[in-house]
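Heads up, the thing below is written out as structure tokens.
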Amino acid sequence: MSGVKTSAPRAFFLVIQRDLRLAFRRPGEWLQPVAFFAIVTLLFPLALDPEPARLRALAPGALWVAALLSSLLAIEFLYRDDGRDGTLEQFALSGQSFASLLFAKTVAHWFLTGVPLAIAAPIAALALGAPPHSLSGVLLALLLGSVSLSLIGAIGAGLTLGIRRGGALLSLLVLPLSIPTLVFGARATELAIAGASGAELAAPLYLLGALAVLGVTLAPLAAAAAVRISLE
Amino acid sequence: MSGVKTSAPRAFFLVIQRDLRLAFRRPGEWLQPVAFFAIVTLLFPLALDPEPARLRALAPGALWVAALLSSLLAIEFLYRDDGRDGTLEQFALSGQSFASLLFAKTVAHWFLTGVPLAIAAPIAALALGAPPHSLSGVLLALLLGSVSLSLIGAIGAGLTLGIRRGGALLSLLVLPLSIPTLVFGARATELAIAGASGAELAAPLYLLGALAVLGVTLAPLAAAAAVRISLE
Amino acid sequence: MVRGLSFELDAGRALQITWPNGAGKTSLLRALSGLLHVESGSIHWLGRSIFGDLRAFHDDMAFCSHEPGLKPDLTIDENLHFAAGVRRRCNINERHAALARVGLTGLQDDPARRLSAGQQRRVALARLCLQGATLWLLDEPAAHLDAQGQALVSQLVSEHVRAGGLALIATNQPLALAPDISDELPPARLAARAGPA
Amino acid sequence: MVRGLSFELDAGRALQITWPNGAGKTSLLRALSGLLHVESGSIHWLGRSIFGDLRAFHDDMAFCSHEPGLKPDLTIDENLHFAAGVRRRCNINERHAALARVGLTGLQDDPARRLSAGQQRRVALARLCLQGATLWLLDEPAAHLDAQGQALVSQLVSEHVRAGGLALIATNQPLALAPDISDELPPARLAARAGPA
Amino acid sequence: MSEWFAMNGYARYVWPSVAAALIALVWNALRARSLLKQARAEVRRRLASEDES
Amino acid sequence: MNWVWLHRFGSPPYFYRWAGRIVPWLAWPAALLILAGLYGGLVLAPADYQQGDGYRIIYVHVPSAWLSLMIYTVMALAAAVGLIWRIKVAHAVAASCAPIGAWFTGVGLVTGMLWGQPMWGTYWEWDPRLVFYLVLLFFYMGYSGLRSAIDDTTRADRAAAVLAIVGAVNVPIVHYSVIWWNSLHQPPSLALTSKPTMPASMYVPLLLLFLGFTLFFYAVMLTRARAEVLRRERGGNWIRAALETTR
Ligand code: HEM
Ligand SMILES: Nc1ncnc2c1ncn2[C@@H]1O[C@H](COP(=O)(O)OP(=O)(O)OP(=O)(O)O)[C@@H](O)[C@H]1O
Ligand SMILES: Nc1ncnc2c1ncn2[C@@H]1O[C@H](COP(=O)(O)OP(=O)(O)OP(=O)(O)O)[C@@H](O)[C@H]1O
Ligand SMILES: [Mg+2]
Ligand SMILES: [Mg+2]
């Protein structure tokens, strides 16, 4: 037996690889949040009678609320299975940095939900009557925003890990924290749809980026602490 | 041992009583969907810059999308715990009508989520700038709507029972089915906020009622069948 | 996944299934209880196929599966009250008697969440007694139980059987049952089956 | 919930904990592994408190808990690859050797979902071997295992111990271990503790 | 007096606010005391049961 | 520096007795101050030259709103102490803060809304200060929700503590929102540094109420914390003694 100890980066990528493979075994599963996003954005034209102007005014709100909710829906499963079947316990006892292994899971999760979301958003925006030239802005905003959403979500997921009905509680914990992302993201989208210049658009995008960076630096530690507590 | 066999109605109420008691052991849990509802409605004014007129125009859509999503969030747990810990298996082997026991669970669930939702809705409507006189209409619409939402949800919950990540899939199954309820509900709310007369309001409310009755007659059987399949 | 298996069990006897892991014990029990669809073959109870009137059959049958099926938030007594009450009326004295029987006296008002693996199993046994069924289907009844607990199981089964009941037990830790009331089911010819159970 | 317990274990020995249900076996193992916070008392490994450098301690320790910790969607081999790989590099031959060791040859490319209770246990044992730790903490290693499987466990443990390893085993089905390598832990004085574990 | 209650027409804003504050103060005070009483009683019960056993 | 005092307060018996002794000294002054403040504010103080008598809401709105922010700060600090040094009493304190904080956040909201109608012509406005204050309420709710959702007291303490600390970012946001965003909400009216803009007859009652509310909070919180400590200290034989000696 024995064999050399696995290096930290190798373990990191092993976990990412593992989660991606698990996901691709069930493509249905990680596409669901996107489908959810699509459906929710479509609900608005149904619930309100859709005149173009009104819809366009509504678009940023609808897009971002839908994005926030679907990322929330997805993040609930970030740790759940691994927690239930004892994998997290094994991670905690693996001799590797727990935080980095969990961060790897978050990264994989972002690839599987954040990126598809960002790609789906421009299409949904079109359906809500956004002009084509605005789409790049929409995409960029969601790409940046989804990073911090995933990271904030990771903390919430950790806190609600042990709990039988994490779902609803999770949203109660995560939504308030996500409000800044929501506000700046929607602002950026609104400007993009209104056809603002790159310079105007930059401001909210920078803020979104700043939030993302902040998240990357702080969230993994908080998440690891939360998960450790839930494992106790 | 032995003792008389439990009569069908007695078993029905026993299950309701059980679920209510379980819920009241954790008040936090069944209040969460309401909190979620509150937060989601709050997200819209944040995402859009809120001038009263625009908000009021948005209110019905926001209210009903939020209501739909939060009832979705809650329904996910209708069978989950019981399925996991083998209680449903015991129900299926109890010699009682499986459908009626499951229907009892749905009724309890509606008391715990539908009713609070209907009570919270008028307040949220106020925050979105609906005039006070419209609130009774809003309440009535949600009270009726939530019934069919719970029943439709019950079918979806049954179908996704065995599945590890029911959440997202559930929404895909349930949202399309709930669209009629959403449309009529939002219409009723819109009329109420616009200050329509009782007669005008009656039309969509009747339709909501019809949907509810339809649900009560059909959903329990479908749900029971679905759960049975997931148990196999 | 099990093929070419045929047996019958008459009142007053217990049948132990001690096939190796993965041989299909759990699957067999689930099939017999009507939970799992049987691909071919038939199951009869009192001479009639159980699928004729499943509910009547279930009235006479109790299945004790891997999961104890307890609600962590309810006290042990409440758990029994609801779980058993759905089938037969049973008053608090009966319940406490049953708990005493499985050696959990005093714990009746503790939330079930506190229980250890073996304690939960014992509650499941208490429920089994309360359900007052004739036919018992037990899957690994002795798992997680300490020596004294395993003796308890054998005792419960033999009493039940001696009182004219039937018991079908899938287990890896064979119970000590008097030969005059118990048989062993010979390993069935195994065959791969299509698709998940 | 366990109080006033003190023991030490030297290389080349196994220690069996056969306390009755609910005595605190699981809790004790979790505490020793550093998962559960100990209210009072200390745990030392190679003379140093484990809390000093928990990760170094974990490098030498493997914990095999109630849950097998398998991913239903991954094949058995993939499960081993990822689960063991996070700790030590191990190539496919090692993995297949380990599977053969626990009597699952031929199943390596089946999805873990298919496995029965006992088969899952066996995979967990294979993982344990691959992790190549010095100290083994085993919780109910023999649960759900048939006779032949239980023999396997005893064998694995004795080999590990004979090769200078340590093993701490919480079980209700005591393993057949040669007395020269194994002791039993005397029941600890139990005491109520503040709040749940 | 009555015109003091009237608050120059602001009565319907001022008094509910004051009421809200007072309710919060009183309720919290009473709640805290009852919690302490309950805890004490519960402990007493437990100690008693320990004594007899 | 040494942490002896911290650990002294960390021992349940000491805390229980100490709190029992201190509470009366907080409660009665609080009652007097609040009554005096209300009398001064609602009766003696003159009507505001522009807001008329409507401004009197300040005497309940500002103290409650300010208190709710202070309570969250106390809660987060206690939680951090409990998390770092594993001090149970600190967790008990944090747990006792949450419900009180939620109550006064509610009062701050209600009174604010009641003030908003006459002043801004609307009960609710989607203004940063108001929104983030609402978020504060959600944090209190989330904290309690998380606590009640976890069975295991120790785990509940620690998980909730993490949340409390994370949520602390919201407090400065609420406080400075009026300055950061151009909000229609009043800017700070009472700054300890600068000379107050309103006559003494107006701001003295406000000061009394600030003080009264603060003392009131500590009295209530400590009482709740004592109950919490009793509830948790199952097997402590000091309890027997404590029950006889302290009231
Ligand atoms: C729903 C509506 C309102 C909410 C949620 C609200 C919230 C708050 C909060 C949280 C504070 C404490 C700030 C701090 O201590 O850092 C505060 C202070 C204050 N509020 Fe409001 N408020 C509302 C409406 C109003 C209205 C309508 C007025 C007057 C027209 C008002 C006047 C004040 C004043 C004068 C202060 C003291 C400022 C300071 O010293 O910081 N508020 N409010
Ligand atoms: N969901 C499933 N899909 C496909 N095959 C399955 C499924 N569940 C079990 N099997 C297969 O059926 C066989 C019998 O499974 P079963 O759980 O009945 O075995 P068992 O006798 O209960 O074993 P154990 O003693 O370990 O519980 C096993 O070989 C297993 O691989
Ligand atoms: N979460 C918990 N909260 C409170 N008490 C608990 C908790 N988990 C376990 N206990 C108690 O701790 C004791 C030991 O539990 P543990 O699971 O360690 O027992 P065990 O020795 O593993 O029993 P078994 O052999 O049945 O697995 C039990 O009496 C149980 O009631
Ligand atoms: Mg089995
Ligand atoms: Mg155990």
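Here is how names work: the chains are called A, B, and so on, in the same order as the sequence lines, proteins then strands, and each is numbered from 1.
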Handout entry: Sub-4.5 Å side-chain heavy-atom contact between R55(D) and F98(A)
Key = no
Handout entry: Salt-bridge criterion met for K71(D) and D81(A) (N-O under 4.0 Å)
Key = no
Handout entry: Euclidean distance, R87(D) CZ relative to L93(A) CG, rounded to 0.5 Å
Key = 7.5 Å
Completion exercise
Of all heavy-atom pairs linking Q96(A) and V86(D), the shortest is NE2-O, 2.9 Å
Handout entry: Structural part of R228(A) lying under 4.5 Å from a heavy atom of chain D
Key = neither
Problem - Heavy-atom pair of closest approach, residues T6(A) and R88(D) - result: OG1-N, 3.2 Å
Handout entry: Among T87(A), L14(A), L231(A), residue most engaged with chain D (heavy-atom pairs, under 4.5 Å)
Key = L14(A)
Handout entry: Salt-bridge criterion met for R30(D) and E89(A) (N-O under 4.0 Å)
Key = yes
Problem - Spacing of K5(A) atom NZ and D59(D) atom CG [to the nearest 0.5 Å] - result: 4.0 Å
Handout entry: Atom of L35(D), atom of A92(A) and distance for their closest heavy-atom approach
Key = CD2-CB, 4.3 Å
Practice task
Give the member of G85(D), A62(D), S65(D), A56(D) that has the highest number of heavy-atom pairs under 4.5 Å with chain A.
Solution key: G85(D)
Problem - Heavy-atom donor-acceptor pair, R89(D) side chain to V4(A) backbone, under 3.5 Å - result: no
Exercise for the section: Evaluate the side-chain proximity of R127(D) to Q90(A): yes if any heavy-atom separation is below 4.5 Å, no if none is. Expected result: yes
Practice task
Could you tell me which portion of R18(A) (side chain, backbone, both or neither) has an atom closer than 4.5 angstrom to a non-hydrogen atom of chain D?
Solution key: both
Handout entry: Neighbour count above 12 (heavy atom, 6.0 Å) for Y206(A) OH
Key = no
Completion exercise
To the nearest 0.5 Å, atom CG of L70(D) lies from atom CG of D85(A) at 7.5 Å
Fill in the blank from the handout: Those residues at least two apart in sequence (or on a different chain) that pass ring pair (Phe, Tyr, Trp, His ring centres under 6.0 Å) with F91(A) are none
Problem - Side chain / backbone / both / neither for L88(A) at chain D, heavy atoms under 4.5 Å - result: neither
Exercise for the section: Would you mind checking which part of L54(D) comes under 4.5 Å of any heavy atom in chain A, side chain (CB onward), backbone (N, CA, C, O), both or neither? Expected result: neither
